[in-house]
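Scroll down for the structure; my scribbles are underneath it.
If you read the sequence from its start, that first residue is 1, and numbering goes on from there. First listed ligand is number 1; within each ligand, the first listed atom is number 1.
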Amino acid sequence: MMVSVVVPFYNEEALINDFVERVYTAVKDIGKAVEFVAVDDGSSDNTLALLLTAREKYNSLKIVSLSRNFGLQAALQAGIEHCNGEYIVLLDGDLQDPPELIPDIYKKITESAADLVVGRRKSRKEKWPKRQLIRWFHNLIEPRYSDSGKIDTGNFCILKRIVAVAICNSGEKQRYFPGLRSYVGFKVDYLDYHREERAGGSPKMTYRKLFSLAGDALFIYSKWPIRVCFFMGIIGLLTLLLAIIYTILSKLLGFAPLGWSSTFLSIYFFGALQLFFLGVVGEYVFRVYKEVQNRPLYVIREIFPQKEEKS
Ligand code: UDP
Ligand code: MG
């Protein structure tokens with residue numbers, strides 16, 4: 001039985017060495033065979049070279065190198081699909097989730113009846129505006145299928161293989177890992193921890209990437225956009241009803257020609273409403289189109305397997 005540690009890296013040359021050292025120091029305490037699957041998500045810096053050097057030293061390091069930057073979600077998927085452990089630990093590659101927690105989270109899953117244990121952040125080091133955005137986002141997405149615990153969770157978790165397989169087998173192309181992880185169910189437990197600051201380099205999930213991911217998650221995992229349209233439609237109908245009554249009354253009572261502002265405003269109102277609806281429908285059409293295209297989630301340039309013979 002083996003434990004896999006799966007980590008995506010995108011231009012993380014500043015902290016790769018430190019990361020690998022800390023992982024291997026930490027997993028000594030596990031007492032089980034450990035494989036480390038590093039996914040190089042098309043880095044343009046020395047990430048791959050540094051990983052290859054580390055692989056000379058650590059035989060159980062496997063590197064999956066993608067042909068370009070496919071994004072965090074695809075990189076996670078690539079890592080999960082290329083690991084062999086009975087238990088799979090997922091970590092961010094920037095040391096925000098301290099590798100020293102690997103033995104703790106492993107212990108937790110073996111000692112509890114849970115099928116997955118998810119790291120829950122007791123504190124965050126992100127700056128206030130980003131923290132606020134994260135909170136709004138979670139409040140928007142998660143109430144549908146969560147208990148309150150999920151708001152402060154991220155990718156950091158340990159999964160039994162059945163859970164990982166269930167997540168991987170979900171066929172959608174636009175993925176949001178924490179959402180899928182909730183969706184597949186199973187018995188979940190939490191490990192509380194303090195999320196560190198990024199140990200070096202700059203965040204690779206830029207605001208642009210974060211907003212795009214948030215958009216995917218919003219449209220895929222919540223009915224919220226459609227529901228807003230529905231309610232706005234109802235408001236529009238009610239307004240229409242009032243306008244009909246007003247029009248008939250004004251006709252009957254003889255002050256009909258008055259209505260320039262109301263005509264003007266309602267044309268604007270319904271025009272804007274329709275554009276908004278079209279935008280929302282467009283978001284769905286676009287996503288359906290992307291699913292139908294059925295392109296691969298990621299493309300592998302090269303796999304560097306474990307150097308088993310030395311271990
Ligand atoms: N990452 C990746 N591909 C990307 C962006 C990020 O593999 O396109 C990796 C990155 O190297 C890091 C992890 O995903 O290991 C989390 O990224 P980051 O720390 O930038 O995200 P944040 O902490 O801001 O959510
Ligand atoms: Mg980070």
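Here is the list of ligand 1 atoms found below 4.0 Å of a heavy atom in Pro203: 20 (O). Each of the atoms 7 (O), 11 (O) of ligand 1 lies under 4.0 Å from some heavy atom of Phe9. Residue-ligand proximity, Arg195 to ligand 1, at heavy-atom distances under 4.0 Å covers atoms 23 (O). Listed by number with element, the atoms of ligand 1 under 4.0 Å from a non-hydrogen atom of Pro8 are 7 (O), 9 (C), 11 (O), 12 (C), 15 (O). Shown in contact with Asp94 at under 4.0 Å from a heavy atom are these atoms of ligand 1, numbered in order with element: 15 (O), 18 (P), 19 (O), 23 (O). Applying the 4.0 Å criterion to heavy atoms of Glu12 picks out, from ligand 1, the atoms 10 (C), 11 (O), 12 (C), 15 (O). If you number the atoms of ligand 1 from 1 as listed, the ones under 4.0 Å from a heavy atom of Asn69 come out as 3 (N), 4 (C), 8 (O). In summary, the atoms of ligand 1 found under 4.0 Å from a heavy atom of Gly93, numbered by their order in the structure, are 12 (C), 15 (O).
Remark: minimum distance from atom 18 (P) of ligand 1 to any protein heavy atom is reached at Arg198 NH2, 3.4 Å. Residue, atom and distance of the protein heavy atom nearest to atom 23 (O) of ligand 1 are Gln96 OE1, 2.6 Å. At the shortest separation from atom 20 (O) of ligand 1 among protein heavy atoms lies Lys204 N, 2.5 Å. Ranking the protein heavy atoms by distance from atom 4 (C) of ligand 1 puts Asp41 OD2, 3.4 Å first. Ranking protein heavy atoms by distance to atom 14 (O) of ligand 1, first place goes to Leu72 CD1, 3.2 Å. Distance from atom 24 (O) of ligand 1 to its nearest protein heavy atom, with residue and atom name: Lys130 NZ, 3.4 Å. Among all non-hydrogen protein atoms, the one lying nearest atom 21 (O) of ligand 1 is Met205 CG, 3.2 Å. Here the protein heavy atom with the shortest distance to atom 8 (O) of ligand 1 is Lys209 NZ, 2.7 Å.
Side-chain contact, Glu35 with Ser60: no donor N or O sits under 3.5 Å from an acceptor N or O. No hydrogens or angles considered: a donor-acceptor pair under 3.5 Å links the side chains of Tyr193 and Asp97.
Counting only non-hydrogen atoms, the option in Asp97, Leu15, Asp92 that gets closest to atom 13 (C) of ligand 1 is Asp92.
Using a 4.0 Å cut-off between charged side-chain N and carboxylate O, Lys57 and Glu21 make a salt bridge. Classification of Arg195 and Asp92 as a salt-bridged pair holds, one side-chain N sitting under 4.0 Å from a carboxylate O. Classification of Glu291 and Arg287 as a salt-bridged pair fails, no side-chain N sitting under 4.0 Å from a carboxylate O. A salt bridge links Arg120 with Asp192; the closest basic N to acidic carboxylate O contact falls under 4.0 Å.
Residue Asp94 approaches the Mg ion (ligand 2) most closely through its N/O/S atom OD2.
The proximity of Val7 to ligand 1, defined as any non-hydrogen pair under 4.0 Å, does not occur for either the backbone or the side chain. Of the heavy atoms in Tyr10, both backbone and side-chain atoms come closer than 4.0 Å to ligand 1.
Note: Tyr106 and Tyr87 meet the aromatic proximity criterion, with ring centroids under 6.0 Å apart.
To the nearest 0.5 Å, atoms CG (Leu101) and NZ (Lys108) are separated by 11.5 Å.
The N/O atoms of Leu210, backbone and side chain alike, include none that comes under 3.5 Å of an N/O atom in ligand 1.
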